[in-house]
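The figures here come from the full heavy-atom set of this structure, side chains too, leaving out hydrogens, waters and symmetry mates. Starting from 1, each residue takes its place in the sequence as its number.
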Amino acid sequence: MGLAMVIVGLFLLLCFCAALLRRNEVRYIKNGLPPGTMGWPVFGETSEFLKQGPNFMNSKRARYGSFFKSHILGSPTVVSMDPEVNRYILMNESKGLVAGYPQSMLDILGKCNIAAVHGDAHKLMRGALLAIVSPTMIKDRLLLQVDEFMRSHLRNWDSQIIDIQEKTKQMAFWTSLKQTTSIESGPLWESFTIEFFKLVLGTFSLPIDLPGTNYRIGVQARNNIVKLLRQLINERGNSKIQKDDMLGYLLSEENKYKLNEEQIIDQVITVFYSGYETVSTTSMMAVKFLHDHPKVLQQLREEHLALREKKNPKDPIDWDDFKAMEFTRAVIFETSRLATVVNGVLRKTTKDLEVNGFLIPKGWRIYVYNREINYDPFLYSEPYTFNPWRWLDKSLESHNYFFLFGGGIRLCPGKELGIAEVSTFLHYFVTKYRWEEVGECKLLKFPRVKARNGFHIRVSSY
């Protein structure tokens with residue numbers, strides 16, 4: 001009798017689950033929508049998407065083609081894996097395809113964040129951001145700050161076993177913290193660091209506001225960072241002292257983009273966040289690829305040793321040095337391509353819109369999934385081979401499907417600053433040290449590239 005009850009209970013549970021799934025599918029049956037499945041109510045297929053990553057995408061493409069619907073990260077979403085369609089979407093924001101990042105990211109990074117706004121508001125925020133990360137600012141101010149930071153950060157690694165993943169994460173955030181606020185050490189520095197790493201956890205999560213969820217932790221961390229930034233702004237206003245950093249520029253009369261306090265705070269958080277993951281992950285994966293490809297390391301090291309020979313030991317990297325790092329730039333691009341540091345970007349429809357022959361309803365998101373483009377043999381010969389030399393052909397940087405840094409009016413404004421930071425890190429790392437891996441490095445490549453148990457290396461003097 002007991003066993004029969006269990007069987008009946010399981011049968012009823014299965015029937016209930018099947019009914020839920022079917023109800024959710026019926027809810028999204030509309031004429032003109034792409035094929036696909038929507039999964040569970042509220043949660044959709046987010047769990048499968050995050051767990052399976054590329055396998056989830058490829059299985060969907062095998063079943064439905066390169067343009068299909070799903071429900072991920074809290075929203076009905078169309079996934080595009082077609083290079084031509086992706087280019088169209090990225091280049092046509094004015095036609096109703098605006099940035100559409102997950103609600104969790106928008107809540108945590110702020111409603112004035114450059115990813116959250118469009119139209120005139122986007123022009124204002126992008127203009128203000130470009131003003132503080134422009135090539136002129138890199139040349140005149142930022143590169144020297146980056147150089148000083150990298151020298152200090154890499155100073156005592158000799159004869160140490162370090163987790164390069166942890167070191168590059170710290171490096172990416174701390175250099176941004178210094179550039180934006182001039183903070184380098186002390187209680188305020190520690191407070192920013194603790195809260196920022198909590199904030200990062202929440203940006204790629206379901207927006208479920210319950211105790212203990214990554215979303216709740218991320219929102220609380222944002223609130224704490226906002227308080228710290230308001231405190232800094234008030235202190236600077238009371239002291240009348242203008243510091244030579246990004247926050248100082250945003251607050252100054254020199255800045256032609258007049259932002260209110262909320263916009264300035266969101267702009268600073270944008271700088272914290274936007275370069276953090278790309279700079280840290282690219283730096284870590286460059287170390288990995290260089291270790292595995294000695295010929296690449298040899299040529300990279302020769303490029304940097306040649307630059308050092310022209311300088312005194314304490315001379316910093318300058319703009320001319322940075323522009324001369326052609327092979328370093330190629331290594332960075334190839335690392336970003338092969339590691340797929342950024343899998344894709346999200347857009348949102350502001351009206352019912354026809355895309356690729358299908359009708360996408362207003363408010364739906366489109367996931368421009370570029371990962372597979374990085375491995376397209378028609379664009380990159382032997383695409384799974386780490387070959388930085390391919391990027392010495394400058395035309396590769398300008399081909400129609402080059403999306404490593406986004407595209408259209410959403411092209412990453414901090415692209416050159418990020419490249420300068422990774423280049424300076426590599427300069428001091430390969431000219432000061434040699435290294436070997438300690439233990440096995442198990443890499444996860446989705447939704448973020450990371451070493452599951454850290455990436456440990458033994459460092460010795462070069």
Straight-line distance of Ile132 CD1 to Gln267 CD, nearest 0.5 Å = 5.5 Å
inquiry  = Tell me if the aromatic rings of Tyr249 and Tyr257 count as close, with their centers under 6.0 Å from one another.
reply    = no
inquiry  = Applying the side chain to side chain donor-acceptor pair (under 3.5 Å) criterion to Thr37, which one of Glu45, Lys69, Glu48 satisfies it?
reply    = Glu45
key: Parallel, tilted or perpendicular: ring planes of Phe196 versus Phe173, cut at 30 and 60 degrees   = parallel
query = So, do Tyr433 and Tyr428 sit near enough that their side-chain heavy atoms are less than 4.5 Å apart?
reply = no
NZ/Lys288: more than 12 non-hydrogen atoms of other groups inside 6.0 Å = yes
query = Do the rings of Tyr276 and Phe197 sit parallel, tilted or perpendicular, given the 30° and 60° boundaries?
reply = perpendicular
request  = Examine the side chains of Ser75 and Gln103 and answer whether a donor and an acceptor come within less than 3.5 Å of each other.
outcome  = no
remark   = Exactly one candidate in Tyr273, Phe272, Tyr101 meets side chain to side chain contact (heavy atoms under 4.5 Å, CB included) with Leu109; the answer is Tyr273
request  = Describe, in one word, how the ring planes of Phe67 and Phe358 are oriented to each other, choosing from parallel (under 30°), tilted (30 to 60°) and perpendicular (over 60°).
outcome  = parallel
key: Arg337 versus Asn374, side-chain donor and acceptor atoms under 3.5 Å   = no
message = In terms of relative ring orientation, are Phe429 and Phe425 parallel, tilted or perpendicular, with 30° and 60° separating the classes?
response = parallel
ask   = Does some side-chain heavy atom of Leu188 sit less than 4.5 Å from a side-chain heavy atom of Leu228?
value = yes
message = Ignoring hydrogens and geometry beyond distance, is a side-chain donor-acceptor pair present between Tyr367 and Ser70 at under 3.5 Å?
response = no
